[in-house]
Amino acid sequence: MMQRFCGTIGSASMLLAGYFLLNILLRAALPHSLELDEAEQTFYAQYLLAGYGPQPPFYNWMQYAVDAVAGPSIWALSIPKNVLLFLCYLFYGFAAREMLKDRTLQAAAMLALITLPQVSYMAQQDLTHTVALLFATSLFLFGFFRTLERPSLLSYLILGIATGVGIIAKYNFALMPLIAVAAVIPDREWRQRLLDWRILPAFAIALAITLPHLHWLYGNVELASHGTLSKMIDSREASDLFPAGKGLLSLLIAIIAFAALPIAIFAAAFRRDFIHALSAGDCWTRLMERMIVISLIAVVAVILVTGATHIRERWLDPFLLILPIYIFRKLEVAGADLSLGLKRFLNVVPVLMALVLIALAARVIGAEFIGSYTKLNVPFADFAKAMTDNRQPPALIIASDRYVGGNLRLQLPDVPVIISGFPNPGIAMNAAAARPILVAWRGPNPKEAPMPPEISTWLKQNGLEPDAIGSLALPYHFGKSGDTYALGFAWLERK
């Protein structure tokens, strides 16, 4: 049944469109509090900047454009993310079409991304910049394979666009063009693609896309790199005799976490054909093998140079996303009858889709029974109502961090939100004349909610003094009786 329904990229696209629509509707049905990345996007969407910190700005620019038209909302967060994910699958299908002859295999490769937890589940749970990276990687693979198979000005331009978008989506994507070039060099025919004049407009369009951010990056390298490096390097382990050993072990674990499930599903679906395909190959499979090996060598080099001790599996997304196409190419080259294996494989796809949707809902709705609360369980709508009830709406909100700031902006969309020091103190000083101002932070204790010293110091430096400090402790959505989340807050009233 599924094999007949998903026999082409077009029909598989219809299935995926319905699946992502369900993801949008599910997100709208869950509590309208925000995950960390969602809150960050909602906060940053107030400002159009060349750079925002440790992450490049492509997703921020997209969210800024959406919010400028539609305003901040769950819909404005969920729809662009799911559109990008749909395009990721679609261009991955186009890349498979360049690589595979059988139309059903092309559609199956497109749907196979659902077997990658980093793409199917984690991207929906709370990722934004990585979603843009997945889209750019699929677009790059499509342009890359098309350029090698049947080069044209369009294929080179696709490569240029994908490269530009990828670099300003996530910094680790910058390795992809280098990996592709290194993988092509051993093949005499494909080397000619590197000398084609059409690579110049591709380079030009990539440079045009990245130039505004590269100009910002030139003067903010430390700011852009600090966040990522701090996640990769544990200060407690930095003094170890061989900290890179832990980094290499972390890389091995990340590779297993990334590849274990899809390989297990392929092996279970194709069985003996999968075993026989392991020894099959051609120039295309060798190209993809070189890409994977070179990318992992590059990651190892990063570990050895920086002393990184923590490698997350999603950081491998641009390098290992090629895995399903690679396996399907080997299966096709092996020449076996794959109809039964394809039937088994395609029957797994809707099951995985259902499991993703169930898991996304259960982690929030079942928090009481799971024993841990998600960010969606925090009752920010109730906090906003309680803090502003029977009061004049604030002229400005000063939040302790992007998480609190983004959530309060979602609940009070007409009120500008800043965090201490961002984007600049002048906004706070200008707003001081239009008081009242609301200050909010994560309260460590519902009974004692002192203002964090960094906020009180920053307020004093800008000539602002709170009139009253309070705290709220409200029950979680779908929480146990007595379980609460606390926020501290203060008002700076008109004088």
Side-chain angles (χ1 to χ4, degrees), residues 20 23-24 27 34-92 113 118-140 161-174 176 206 208-217 220 223-225 227-228 231 312 314-318 321 375 401-403 405-407 409-410 417 419 422-423:
F20 286 117
N23 274 281
I24 292 170
R27 182 63 188 92
L34 302 179
E35 296 280 6
L36 286 173
D37 277 16
E38 291 177 327
E40 178 184 274
Q41 290 300 324
T42 301
F43 171 75
Y44 280 142
Q46 300 174 99
Y47 314 106
L48 182 60
L49 305 173
Y52 294 84
Q55 298 286 3
F58 174 79
Y59 204 101
N60 300 102
W61 290 348
M62 181 188 72
Q63 196 64 56
Y64 174 87
V66 172
D67 280 25
V69 174
S73 69
I74 291 296
W75 299 99
L77 288 165
S78 184
I79 292 176
K81 171 191 272 194
N82 281 276
V83 168
L84 272 188
L85 285 171
F86 174 75
L87 291 175
C88 168
Y89 281 73
L90 182 64
F91 284 115
Y92 197 81
L113 287 181
Q118 294 73 25
V119 181
S120 58
Y121 177 72
M122 292 178 64
Q124 290 289 355
Q125 180 183 339
D126 181 30
L127 293 177
T128 52
H129 300 285
T130 300
V131 169
L133 172 69
L134 292 170
F135 158 71
T137 303
S138 288
L139 184 62
F140 182 88
I161 293 170
T163 299
V165 170
I167 291 174
I168 62 171
K170 203 83 169 170
Y171 291 127
N172 57 340
F173 182 90
M176 279 297 290
I209 292 172
T210 57
L211 196 57
H213 180 63
L214 292 179
H215 178 72
W216 175 89
L217 187 63
N220 295 273
L223 175 62
S225 61
T228 299
K231 293 177 183 177
R312 298 183 181 181
R314 69 172 180 266
W315 294 343
L316 303 178
D317 282 348
L321 195 70
K375 295 292 188 294
D401 52 49
R402 292 163 295 183
Y403 171 65
N407 271 283
R409 180 171 184 254
L410 181 71
V417 181
I419 58 177
F422 185 94

Given the rule in the side-chain contact (heavy atoms from CB on, under 4.5 Å) test, do Trp216 and Leu49 qualify, once you have shown the distances and angles that lead to the verdict? CA-CA 9 Å; Trp216 175 89; Leu49 305 173; over 6 Å; no
Could you report the tightest heavy-atom contact between Tyr59 and Ala132, atom names first, then the distance? CD1-CB, 4.0 Å
Between Gln41 (side chain only) and Leu77 (backbone N and O only), is there a donor and an acceptor less than 3.5 Å apart? no
Stepwise side-chain contact (heavy atoms from CB on, under 4.5 Å) test for Leu133 and Asn172: CA-CA 9 Å; Leu133 172 69; Asn172 57 340; 3.9 Å; yes
Close side-chain approach of Lys375 and Tyr403, heavy atoms under 4.5 Å: yes
Hey, what's the ring geometry for Tyr47 with Phe43, parallel, tilted or perpendicular (30° and 60° as the breaks)? perpendicular
Hey, are Asn82 and Gln124 close enough side-chain-wise for a donor-acceptor pair under 3.5 Å? yes
In terms of relative ring orientation, are Phe58 and Phe135 parallel, tilted or perpendicular, with 30° and 60° separating the classes? parallel
Taking 4.0 angstrom as the limit, do Lys81 and Asp37 come out as a salt bridge? no
Partner of Tyr44 under side-chain hydrogen bond (donor to acceptor under 3.5 Å, both in side chains), picked from Gln63, Arg409, Arg402, is Arg402
Could you tell me if the side chain of Thr128 sits less than 4.5 Å from the side chain of Val131, heavy atoms only? no
Given the side-chain rings of His213 and Tyr171, with only the six-membered ring counted for Trp, is the space between their centroids under 6.0 Å? yes
Relative to the ring of Phe20, is the ring of Tyr89 parallel (under 30°), tilted (30 to 60°) or perpendicular (over 60°)? perpendicular
Determine whether Leu34 and Leu410 make a side-chain contact, defined as any pair of heavy atoms from C-beta on separated by less than 4.5 Å. yes
